[in-house]
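Predicted model only: the values in this text are computed from it and were never measured.
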Amino acid sequence: MRYLILLLVLILWLGGCSREVMQTLYKTGVIADDYRYGDLYRLSNLPQFKDPVQVCPPPAPPPSGEGVALYVIGDSFTEPERLSQRDFPGSDFLRTKWENQNRVLLDTAKRNILLIETVERHFREHFAQPVTMLTIVADTARPQTPATNQASITRQLSDFIQSKGIEERLETVLFSQNVFLWFRELKASLNLNGFGRVAPTVGISQDHNHLFAGLDTDTTKHKNSSFAALPNAELKSLIDSANATADRYRGLGFDAVYLSIIPNKASILDPAQGRYNHLIERVEGHPRLRVPVVSVYEQYKRQPDRVYAAGDSHWNCTGRRIWIEQVRKTIGL
């Protein structure tokens with residue numbers, strides 16, 4: 001019995017230390033998916049926003065995607081569980097995550113399109129300088145694997161134990177089951193109803209009907225919040241960075257480069273919470289911008305209560321379908 005208990009504790013500890021082990025525990029059912037009700041519910045534990053994550057079907061297939069290779073640089077809105085090849089049938093599809101590096105070989109027999117997607121809250125960070133994480137290689141090039149110095153076993157073990165996010169993962173491993181959610185929901189409800197407080201990582205609308213990512217509403221986050229001032233000088237610099245990015249990739253062989261800024265949830269559902277900086281409108285309508293845009297801002301504004309998940313900072317199936325259809329329409333799929 002002692003050995004079994006020690007083994008269980010070891011497995012749970014490993015799950016907290018290692019993202020890979022935790023994913024295995026998810027798949028085997030040892031622990032529950034902490035995001036099953038949305039990322040904002042996970043952070044806030046407010047029961048009124050407990051909304052099971054939906055698996056969205058792909059929109060109706062386009063008339064033809066043949067001869068198109070679609071490359072995406074994107075954030076969590078274009079993660080594999082939210083966007084994939086099946087949403088753009090007939091075309092080649094490759095996604096590169098922001099801050100990652102990727103090397104690609106363009107097929108000159110196809111129409112190569114680059115779509116740069118960013119949620120509004122990270123646009124100012126992403127375009128503080130021109131984007132360079134996607135490298136184009138010639139057909140004779142061979143990817144070079146940089147030499148790495150092998151760390152000592154002691155150093156590797158130390159890094160493993162102190163890895164980033166270990167405390168959060170341990171909490172997930174230990175307290176993600178439904179039996180614990182009741183206690184967490186009770187505490188969160190008492191804090192909101194009794195003291196008007198929510199978790200510092202989330203924001204809430206003035207009528208308490210909508211939950212947002214904290215970065216959307218916290219004006220101390222000058223580069224992220226919908227309500228942080230955006231000076232004209234910074235806006236011009238961001239536009240120049242976007243133009244330089246598009247010029248670079250067109251020069252490297254892409255036939256077209258597009259920009260898509262997905263609105264912050266707070267920008268659509270509660271723009272009167274503060275002085276909205278109108279980032280998307282100012283970027284998309286700027287006279288210096290030379291990059292064609294895939295825009296859903298106006299469509300989202302016309303149906304605000306239908307495009308975002310209740311317990312998540314991302315879109316629901318309707319919001320996702322609108323964006324995919326707009327991508328297809330704009331880039332000609």
Side-chain angles (χ1 to χ4, degrees), residues 19 34-35 38-40 42-43 53-54 56 70-85 87-88 93-102 104 113-135 164-165 168 201-203 211-218 221-226 228 230 238-239 241-242 245-246 249 254 257-269 277 279-280 283-284 291-297 299-300 307-309 311-317 319-324 326-327 330-331:
R19 186 181 302 275
D34 212 21
Y35 288 87
D39 58 358
L40 297 180
R42 173 181 174 272
L43 295 170
V53 173
Q54 297 178 323
C56 300
L70 177 61
Y71 296 83
V72 176
I73 296 174
D75 53 30
S76 58
F77 279 83
T78 56
E79 287 177 337
E81 57 267 29
R82 295 189 178 91
L83 194 74
S84 67
Q85 171 74 61
D87 297 305
F88 302 98
F93 180 85
L94 177 69
R95 171 186 177 263
T96 299
K97 181 181 178 182
W98 282 102
E99 286 85 41
N100 284 359
Q101 296 293 322
N102 205 353
V104 298
I113 298 175
L114 176 61
L115 173 63
I116 305 175
E117 174 273 319
T118 175
V119 67
E120 181 182 0
R121 74 180 70 93
H122 293 306
F123 176 82
R124 296 166 77 171
E125 295 172 327
H126 287 156
F127 285 93
Q129 56 189 9
V131 179
T132 60
M133 69 272 303
L134 194 62
T135 302
K164 184 178 180 181
E168 181 180 334
T201 49
V202 301
L211 204 59
F212 311 125
L215 293 176
D216 288 8
T217 57
D218 184 354
K221 307 298 184 183
H222 303 295
K223 296 295 184 182
N224 309 109
S225 175
S226 299
L230 175 59
L238 295 169
I239 296 296
S241 178
T245 297
Y249 283 112
F254 280 99
V257 179
Y258 294 88
L259 170 67
S260 180
I261 309 175
I262 298 176
N264 290 342
K265 193 175 180 181
S267 301
I268 299 297
L269 295 178
N277 60 28
L279 181 149
I280 295 179
V283 169
E284 294 181 350
V291 188
V293 296
V294 176
S295 180
V296 292
Y297 178 74
Q299 293 184 69
Y300 279 22
V307 293
Y308 289 98
D312 202 281
S313 60
H314 301 88
W315 50 37
N316 58 18
C317 292
R320 175 182 178 275
R321 175 184 54 78
I322 290 172
W323 184 81
I324 292 173
Q326 192 64 25
V327 169
T330 304
I331 70 178

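For the atom pair CG of Asn316 and OH of Tyr308, the computed distance is 9.5 Å after rounding to the nearest 0.5 Å. Asn224 CG to Phe123 CZ: the interatomic distance, rounded to the nearest 0.5 Å, is 13.0 Å. Interatomic distance, Asn100 CG to Leu134 CG, rounded to the nearest 0.5 Å: 11.0 Å. Distance check, rounded to the nearest 0.5 Å: CZ of Phe77 to NE2 of His314 gives 5.0 Å. Of the inter-residue distances, the one linking Met133 atom CE with Asn102 atom CG reads 10.5 Å to the nearest 0.5 angstrom. Note: Asp75 CG to Thr118 OG1 = 5.0 Å, rounded to the nearest 0.5 Å.
Two residues are said to be in side-chain contact when any heavy atoms from C-beta on lie closer than 4.5 Å; Thr245 and Pro130 meet this criterion. You'll find the side chain of Tyr300 reaches within 4.5 Å of the side chain of Ile322, heavy atoms only.
Judged by distance alone, the side chain of Asp312 and the main-chain N or O of Asp39 form a donor-acceptor pair under 3.5 Å. Under the 3.5 Å distance criterion, the side-chain polar atoms of Arg95 are left unmatched by any main-chain donor or acceptor of Pro80. Remark: side-chain polar atoms of Tyr297 are not paired, donor with acceptor, to backbone N or O of Pro263 under 3.5 angstrom. Remark: the backbone N or O of His222 is paired with a side-chain donor or acceptor of Arg124 at under 3.5 angstrom. Looking only at distances, a side-chain donor or acceptor of Lys265 sits under 3.5 Å from a matching main-chain atom of Leu211.
The heavy-atom pair separating Ala128 from Ser241 by the smallest distance is C-OG, 4.4 Å. Between Tyr249 and Val257, the closest heavy-atom pair is CB-CG2, 4.0 Å. Nearest heavy atoms, Arg320 versus Arg82: NE-O, 2.7 Å. Summarising the geometry of Ser260 relative to Trp323, their closest heavy-atom pair is OG-NE1, 2.8 Å, with the distance given to 0.1 Å. Closest approach of Asp87 and Leu83 over heavy atoms only: OD2-CA, 3.5 Å. For the residue pair Gly203 and Thr217, the shortest heavy atom distance occurs at CA-OG1, 3.7 Å.
Of the residues listed (Val293, Leu279, Val291), the one engaging Glu284 in a side chain to side chain contact (heavy atoms under 4.5 Å, CB included) is Val293, and it is the only one. Partner Asp216 forms a side chain to side chain contact (heavy atoms under 4.5 Å, CB included) with one of Asn264, Val119, Val202 and no other, that one being Asn264.
Between Trp98 and His122, a ring centre-to-centre spacing not shorter than 6.0 Å is recorded.
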Test Leu115 against Ile331 for side-chain contact (heavy atoms from CB on, under 4.5 Å), laying out the working first. CA-CA 9 Å; Leu115 173 63; Ile331 70 178; 5.5 Å; no

Between Leu259 and Phe127, does the side-chain contact (heavy atoms from CB on, under 4.5 Å) criterion hold? Intermediate values first, please. CA-CA 11 Å; Leu259 170 67; Phe127 285 93; 3.9 Å; yes

Can you check side-chain contact (heavy atoms from CB on, under 4.5 Å) on Glu120 and Ser226, steps first, answer last? CA-CA 8 Å; Glu120 181 182 0; Ser226 299; 4.2 Å; yes

Under the side-chain contact (heavy atoms from CB on, under 4.5 Å) rule, what do Val307 and Trp315 come out as? Steps first, then yes or no, please. CA-CA 6 Å; Val307 293; Trp315 50 37; 5.7 Å; no

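Thr330 is linked by a side-chain contact (heavy atoms from CB on, under 4.5 Å) to Tyr258, Val294, Gln326, counting only residues two or more places apart in sequence or in another chain.
Atom CD of Glu125 is surrounded by more than 12 heavy atoms from other residues, nucleotides or ligands within 6.0 Å.
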